[in-house]
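To start, the structure itself, in C-alpha cells.
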Number of protein chains: 2
Amino acid sequence: MGLTVGEVASLASVSVRTLHHYDDIGLLSPSERSEGGYRHYGDDDLATLQQVLFFRELGFGLGDIARIMHDPSFDRLEALRMQRRMLKDKSAQLGHMIEAVEAALDATEGGVTLDAKDMFEAFGDFDPKKHEKEAEDRWGGTPAYAESMRRTKRYTKEDWTQIKAEGEAVNAAMAALMDEGVPSDDPRALDLAEEHRLQIDKWFYPCSQEIHVGLGQMYVMDPRFAQNYEKVRVGLAQYMREAIEANAERAK
Amino acid sequence: MGLTVGEVASLASVSVRTLHHYDDIGLLSPSERSEGGYRHYGDDDLATLQQVLFFRELGFGLGDIARIMHDPSFDRLEALRMQRRMLKDKSAQLGHMIEAVEAALDATEGGVTLDAKDMFEAFGDFDPKKHEKEAEDRWGGTPAYAESMRRTKRYTKEDWTQIKAEGEAVNAAMAALMDEGVPSDDPRALDLAEEHRLQIDKWFYPCSQEIHVGLGQMYVMDPRFAQNYEKVRVGLAQYMREAIEANAERAK
DNA sequence: GTAGACCCTGACGTAACGTCAGGGTCAAGG
DNA sequence: CCTTGACCCTGACGTTACGTCAGGGTCTAC
C-alpha cells in the first residue's frame with residue numbers, strides 16, 4: 001500500500017519532478033520504498049505534502065518550509081491555523097488587487113490618469129513579509145536563530161535524517177537512564193546532556209553551557225518543546241533539564 | 001520629470017533589480033533616460049508596470065507577459081477585464097483552499113484521516129493552466145502561433161526595439177504613399193507590402209503569400225489590429241490590405 | 001566642492017524546478 | 001514464463017526570475 005510518485009503527482013497537481021525535488025532536499029521523503037526503489041507515499045506523507053503546498057501557496061521558500069516543519073516544536077494544528085489566517089489575509093489582498101484593476105478600468109475608460117500611489121497599493125504588504133516575522137516569533141526568535149537559519153539552509157536529506165537519528169539516540173539513552181532510576185545528576189546523564197549540547201553546537205548554532213541551560217528550561221516550560229520529550233517518556237523533559245544544569249555546573 | 005528606479009521600486013514594492021531585469025528583457029523599458037543614463041519612468045510606464053504585475057500575480061511567465069503586451073493587437077481595456085476575471089477566479093480558488101485548511105483542521109482535531117482526493121482538490125485547476133488557453137484564443141490561436149511563440153521567446157530588448165522600428169518604418173512609408181495619392185496597387189506599395197511580409201517571416205513565423213493575405217484581411221476586420229494601423233493614418237488598414245493582395249497576385 | 005545617497009552596467013549566484021539520457025521495475029497478456 | 005509497454009530510478013545540465021556583489025559614474029545638499 002501507498003501511492004507511487006505518479007499517483008501522488010496527479011492527485012496533488014504537482015509534477016513528478018517536484019516530488020523528486022522535495023525528496024532530494026529532504027522536505028518530503030516518502031516513508032517507504034519498494035524493494036525496487038520505488039517511492040511509496042502513505043497518508044502521513046500526503047498530509048505533509050498538503051502542508052508544504054499550503055506554505056508554498058503562501059509564498060514561503062522551500063528552505064523556510066523545511067526549517068519550519070523539521071523544527072522539533074512544529075505543531076500541525078498550529079500551522080494549519082496560521083495558514084488559515086494567512087490565506088484569509090491573502091484573499092483580502094487579492095480583493096484589493098481586484099479593486100485596483102477596477103479602478104484602472106474606470107480610469108482608462110474615462111480617459112483619466114490616476115494617482116501613482118493608489119495604483120500599486122495592492123502590491124504592497126505581501127504575505128511573506130508580513131508573516132515571516134510572525135513565523136519567526138513563533139518558531140524561532142532566539143538570538144542564535146539567524147545562525148541556525150544560515151547553517152540549516154544547506155542541509156540535505158541525509159543531514160536531516162542523521163540529525164534526527166542522533167537526536168533520538170540521545171533521547172532514548174536518556175530515557176533508559178530514567179527507567180533504571182539513575183538520578184539526573186549521575187555522570188552518565190551529564191555525559192548525555194553534554195552530547196546533546198554538542199549536537200546542537202554541531203548542527204545548528206554555537207551552543208554555550210549558558211545557552212544550553214536556557215534551552216533546558218525551555219524544554220520544560222514551553223509545551224511545544226516539552227511534548228517532544230514527554231512523548232518519549234513522561235518526565236523526560238524535566239529530567240533533561242536537570243541533567244543539563246548539572247552538566248553546566250560540572251563544566252565550570 | 002519622471003520617477004527614478006528607486007522611487008518606482010518602493011512605490012510598487014518591487015526591487016530595483018527587478019526593474020533593471022524588466023528593462024533588460026524588454027518587458028518594461030522606461031520611456032526616458034537622463035543624460036547621465038538614469039532611467040526615468042513616466043505615467044505610461046507606471047501603467048505598463050501595473051499591467052505586468054497583475055499578470056505576474058496571476059502566474060504568467062515574464063516571456064508570456066512580454067509577448068502579450070508587445071502584440072500589436074494588445075488592448076489595455078481588454079487585458080484589464082481579463083485580469084479582473086482571472087483574479088476573481090483565483091480568489092475563489094483561494095476560498096477553496098481555505099476550506100481545505102479548515103477541513104484539515106477539523107480532521108486533525110477529531111483524529112480522523114480524510115480522503116486523499118479531497119485534500120488536494122483546491123490545488124487543482126490553477127489559473128495559468130485554465131486561462132492560458134483563453135489568452136491564446138484571444139491573442140493568438142493562429143496556426144503559426146506556436147512557431148511565433150518559440151521564436152519570440154529568446155528575443156532581447158534590442159530585438160524588440162528593432163522589430164518595432166522596422167514595423168513603423170513600413171507603416172510610415174505606406175502612409176506616405178497614401179498621402180501622395182498613390183493607388184494601393186502601385187509597385188511601390190506592393191514592394192512595401194512584400195517588405196512587410198518578409199518582416200513577419202523573419203521575426204515571427206514563416207509567412208507565405210496566402211497567410212499574408214489572410215493577415216491583411218484581419219487588419220481590416222479585427223479592430224484590435226485595425227486600430228494599430230488606423231492610428232497612423234485613417235484608412236491605412238484597408239490600404240495595406242489592398243497592397244498585400246496585389247502583391248500576392250503579382251508574386252504568382 | 002565634496003560627501004553621501006543613488007544610479008549605472010556587467011557578471012556571477014540562487015531557487016525551484018524542467019527536461020533529457022540511460023537504465024531498471026512491474027503488472028498484464030500471450 | 002516471458003515479454004512488452006507504462007512507469008520508476010538516478011544523475012546532470014538547462015531555465016526563469018531575479019539576488020547580490022564589484023567597480024565606477026551621477027546628483028544634490030550643505
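Naming convention: chains lettered A, B, ... in sequence-line order (proteins, then strands); numbering from 1 in each chain.
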Across all chains, not counting sequence neighbours, the side chain to side chain donor-acceptor pair (under 3.5 Å) partners of A/E32 are none
Show me the side-chain donor-acceptor pairs of residues 45-55 of chain B shorter than 3.5 Å, one per line, residues at least two apart or across chains.
residue, atom, partner, partner atom, Å
B/D45, OD2, B/S31, N, 2.9
B/D45, OD2, B/S31, OG, 2.7
B/D45, OD2, B/G42, N, 3.0
B/T48, OG1, B/D44, O, 2.9
B/Q50, NE2, A/M119, O, 3.1

Using a 3.5 Å cut-off and no angle test, enumerate the donor-acceptor pairs between side-chain atoms of residues 99-111 of chain B and protein atoms at least two apart in sequence or in another chain.
residue, atom, partner, partner atom, Å
B/T108, OG1, A/R76, NH1, 2.7
B/T108, OG1, B/A104, O, 2.6
B/E109, OE2, A/R81, NH1, 3.2

The salt bridge (charged side-chain N to carboxylate O under 4.0 Å, His left out) partners of B/D23 (sequence neighbours excluded) come to B/R33, B/R39, B/K157
Identify, with sequence neighbours excluded, every residue that meets side chain to side chain donor-acceptor pair (under 3.5 Å) alongside B/Y38.
none
Ranking D/dA17, C/dT9, C/dC17 by distance to the side chain of B/L62, first place goes to D/dA17
The side chain to side chain donor-acceptor pair (under 3.5 Å) partners of A/T18 (sequence neighbours excluded) come to A/S15
Nearest-neighbour nucleotide for the B/H20 side chain, C/dT9, C/dC17, C/dC12 considered:
C/dT9
Determine: side-chain N/O of A/Y22 to OP1/OP2 of C/dC17, distance under 4.0 Å, yes or no.
yes
Between C/dA16 and A/T18, is there an OP1 or OP2 to side-chain N/O distance shorter than 4.0 Å?
no
Who pairs with A/H70 by ring-ring contact (aromatic ring centres under 6.0 Å, His included), at least two apart in sequence or on another chain?
A/W160
Within residues 29-40 of chain B: residues closer than 4.0 Å to DNA chain C (heavy atoms):
B/R33, B/G37, B/Y38, B/R39
Verify whether one side chain among B/R17 and B/Y22 offers a donor that lies under 3.5 Å from an acceptor in the other.
no
Length of the line joining A/D23:CG and D/dC8:C1', which is rounded to integer Å
13 Å
Within residues 3-11 of chain A, the residues having a heavy atom closer than 4.0 Å to DNA chain D are A/T4, A/V5, A/G6
